[in-house]
Amino acid sequence: MSSPAAASTRPQDPVVSPSGRAALAVLLFADGLAVGLISVFFLPLWVGSIPVPVVILGAAFANLGLVMLAARCTGQTAVIAAPLIGWLVVYLLAAAGGPGGDGVLPSDWRALLLLFVGLVPAGIHLANRALARSFAKGAAHR
């Protein structure tokens, strides 16, 4: 059990240096890129004649986990959003297709569901963190 004095000495933002925040943002962005690549390339998975888009749930949990991990390491919203930005970059590049009109993403409900489920849970957590932080700043100024 920790004493109240030990709890009060813990910093609110463990990553305090600007270079540390930049390194964390780059690492989280790269993690988002990796999750995006796995999500996009395993989305058209079929077992026999049945589509099995289990990677959609994996993308949702991975993105949410990365955002929650980033929120534990820093309080800056831009750094916390880095994995979502990386994931979205991969998704948009895959959705754009190639020069011959061929695309990586299937052109059916799975691509839209991946976009929605991949972004919404982590986006809601990110928005809640940003709103709570702005309310805390507003209450501190009163």
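The two residues Ala130 and Thr77 make their nearest non-hydrogen contact at CB-OG1, 4.2 Å. Pairing each heavy atom of Ile80 with each of Thr74, the nearest pair is CD1-O, 3.6 Å. Across all their heavy atoms, Ala70 and Leu28 have their closest contact at CB-CD1, 3.3 Å.
Side-chain contact check for Pro83 versus Val67: some heavy-atom pair is nearer than 4.5 Å.
Note on Leu64 and Val79: separate hydrophobic clusters, where clusters join Ile, Leu, Val, Met, Phe, Trp and Tyr whose side-chain heavy atoms are under 4.5 Å apart, directly or indirectly. Both Leu66 and Val120 sit in one connected hydrophobic cluster of ILVMFWY residues. Membership requires side-chain heavy atoms under 4.5 Å apart, directly or through other members. Transitive grouping of hydrophobic side chains (ILVMFWY, heavy atoms separated by less than 4.5 Å) brings Ile124 and Leu126 into a common cluster.
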Per-pair distances, 0.1 Å, donor-acceptor, side chain in residues 36-45, under 3.5 Å, sequence neighbours excluded:
{"unit_1": "Ser39", "atom_1": "OG", "unit_2": "Val35", "atom_2": "O", "d": "2.7"}
{"unit_1": "Ser39", "atom_1": "OG", "unit_2": "Trp87", "atom_2": "NE1", "d": "3.3"}

Can you give me every donor-acceptor pair (side chain of residues 105-116, partner residue at least two apart or in another chain, under 3.5 Å) with its distance?
{"unit_1": "Asp108", "atom_1": "OD1", "unit_2": "Arg110", "atom_2": "N", "d": "3.2"}
{"unit_1": "Asp108", "atom_1": "OD1", "unit_2": "Arg110", "atom_2": "NE", "d": "3.3"}
{"unit_1": "Asp108", "atom_1": "OD2", "unit_2": "Arg110", "atom_2": "NE", "d": "3.1"}
{"unit_1": "Asp108", "atom_1": "OD2", "unit_2": "Arg110", "atom_2": "NH2", "d": "3.1"}

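Considering CG of Leu84 and NE2 of His125, their distance stands at 10.5 Å, rounded to 0.5 Å.
Qualifying salt bridge (Lys or Arg N to Asp or Glu O under 4.0 Å) partners for Arg129, counting only residues two or more places apart in sequence or in other chains: none.
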* Test log, rule side-chain contact (heavy atoms from CB on, under 4.5 Å), inputs Leu92 and Leu88 -> CA-CA 6 Å; Leu92 292 176; Leu88 189 60; 4.0 Å; yes

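Within 6.0 Å of the CD1 atom in Ile50, the count of heavy atoms belonging to other residues, nucleotides or ligands does not exceed 12.
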